[in-house]
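Presented below is the structure to which this report refers.
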Protein chains: 2
Amino acid sequence: MKRTRFADWNCSVARVTDLLGDWWTPLILRDAMRGITRFDEFHESLSLGRNTLTQRLERLVEEGMMERRQYHERPPRYEYLLTEKGRDFFPVIAAMMRWGDRWLADGDPPLRLRHMTCGKVTTPTVVCSVCGEPLILGSVHRA
Amino acid sequence: MKRTRFADWNCSVARVTDLLGDWWTPLILRDAMRGITRFDEFHESLSLGRNTLTQRLERLVEEGMMERRQYHERPPRYEYLLTEKGRDFFPVIAAMMRWGDRWLADGDPPLRLRHMTCGKVTTPTVVCSVCGEPLILGSVHRA
DNA sequence: CCTGGTCAGTTCATCAAACGAACTCACTTG
DNA sequence: CAAGTGAGTTCGTTTGATGAACTGACCAGG
């Protein structure tokens, strides 16, 4: 029995989950956002099966979130770089970090972020694009 | 062989992924945020196996993201309500929607959100908590 | 030349967990 | 009584992760 697919659901969350709702893909993306590009680096960082890593990287390339760039000719060697589409997933990762820091951290969060523009230690905050107020559950409804 | 666990990783994204990075949990949370509370409603909405739904709801209760509230005594009947911890996951879902709307939608996004405070159709935006500028990959680094 | 190391996969056997159907139990309703 | 509802539980099958090993194409050094 094939795993349930959500790609055709008329719902963004379902479609995102279909693409990225597995154990490894968010972590691969996080690593890619940290600058990791090569198969071995991903493998070392995450310690997942090589077949699983291969498959996930392929999927991310297929979906246009990563591209392969050849960095060595013989033998052909590729690195995996985030596309715009892949980089644009950063706010999701940031929101996850925010939630995890608040609710799953034992003490200090594992990692603090500094916003380079204002120089301050920052907390990713999801806000309304129009008025800038933080969006919380209950403050939005279907348009 | 037991699935790799990330709960002890010193990394928020990994911990969040350990808890929520499975196929169904984000969708269950989305449905809960839409107001669904009962076992049958979840089951109907998502069409997943009843055992899988049971297990996921249990996990969410264990993790303190949902609580069971008895709404009928004989036989005992429970509904599943989001806690503060569960509601605070909304920005992650919103960020996923934002990304999905932009990159996975064929035409119009399936769902537009209206922000009740300002009354406008809104786009969830992840910003710096200090200066309010949108956070994109590359604009933050480790503090 | 050979050997060993590196890199990026590929293969394979095993097992956990999803899947989907059916079942179970305790009620309620007609 | 039978049928329906709701919330699980059980069970057999299949999928896909896991972890180890293998493979092939190089390169470097002896």
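Numbered from 1 within each chain, the chains take letters A, B, ... in sequence-line order. When reading the values below, keep in mind they use all heavy atoms of this one structure, side chains included, and skip hydrogens, waters and symmetry mates.
Contact of B/Arg74 with C/dA26 (side chain to base): no donor-acceptor pair of N or O atoms is detected under 3.5 Å. A donor-acceptor contact under 3.5 Å links the side chain of A/Asn51 to the base of D/dG19. A donor-acceptor contact under 3.5 angstrom links the side-chain atoms of A/Arg50 to the base of C/dA8.
Rounded to a whole Å, the CD atom of A/Glu41 is 9 Å from the P atom of C/dC7. Protein atom CZ of B/Phe39 is 17 Å distant from nucleotide atom P of C/dA26, rounded to whole Å. Atom-to-atom, CE of A/Met66 to P of C/dA8 comes out at 13 Å; the value is rounded to the nearest Å. Put simply, CD on B/Glu44 is 16 Å from P on D/dG4, counting in whole angstrom units. Rounded to an integer number of Å, the gap from B/Gln55 CD to D/dC11 C1' is 16 Å. Going from atom CG of B/Leu53 over to atom P of D/dA7 covers 10 Å, rounded to whole Å. When the P atom of D/dG6 is taken as reference, atom NE2 of B/His43 falls 13 Å away, rounded to whole Å. Distance NE2 (B/His72) to P (D/dG8): 14 Å, rounded to an integer number of Å.
The side chain of B/Pro75 sits closest to C/dC27 out of C/dC27, C/dC7, D/dT18. Closest to the side chain of A/Trp24, from the set D/dA7, D/dT18, C/dC19, is D/dT18.
Listed pair B/Arg56 / D/dG8 fails the phosphate criterion, with no side-chain N or O lying under 4.0 Å from OP1 or OP2. One finds a side-chain N or O of A/Tyr80 lying less than 4.0 angstrom from the OP1 or OP2 phosphate oxygen of C/dG9. At the phosphate of D/dT5, neither OP1 nor OP2 sits under 4.0 Å from any side-chain N or O atom of B/Arg77. Put simply, A/Trp23 has no side-chain N or O that comes within less than 4.0 Å of OP1 or OP2 on D/dT18.
For the atom pair B/Met96 CE and A/Leu19 CG, the distance stands at 10.0 Å (nearest 0.5 Å). Atom CG of residue A/Asp40 and atom CZ of residue A/Arg50 lie 5.5 Å apart, to the nearest 0.5 angstrom.
The pair A/Asp31-A/Arg34 counts as a salt bridge, with a side-chain nitrogen and a carboxylate oxygen less than 4.0 angstrom apart. Between B/Asp101 and B/Arg112 there is no salt bridge, since no side-chain nitrogen of the basic residue lies less than 4.0 Å from a carboxylate oxygen of the acidic one. Using a 4.0 Å cut-off between charged nitrogen and carboxylate oxygen, B/Arg38 and B/Glu41 do not count as a salt-bridge pair.
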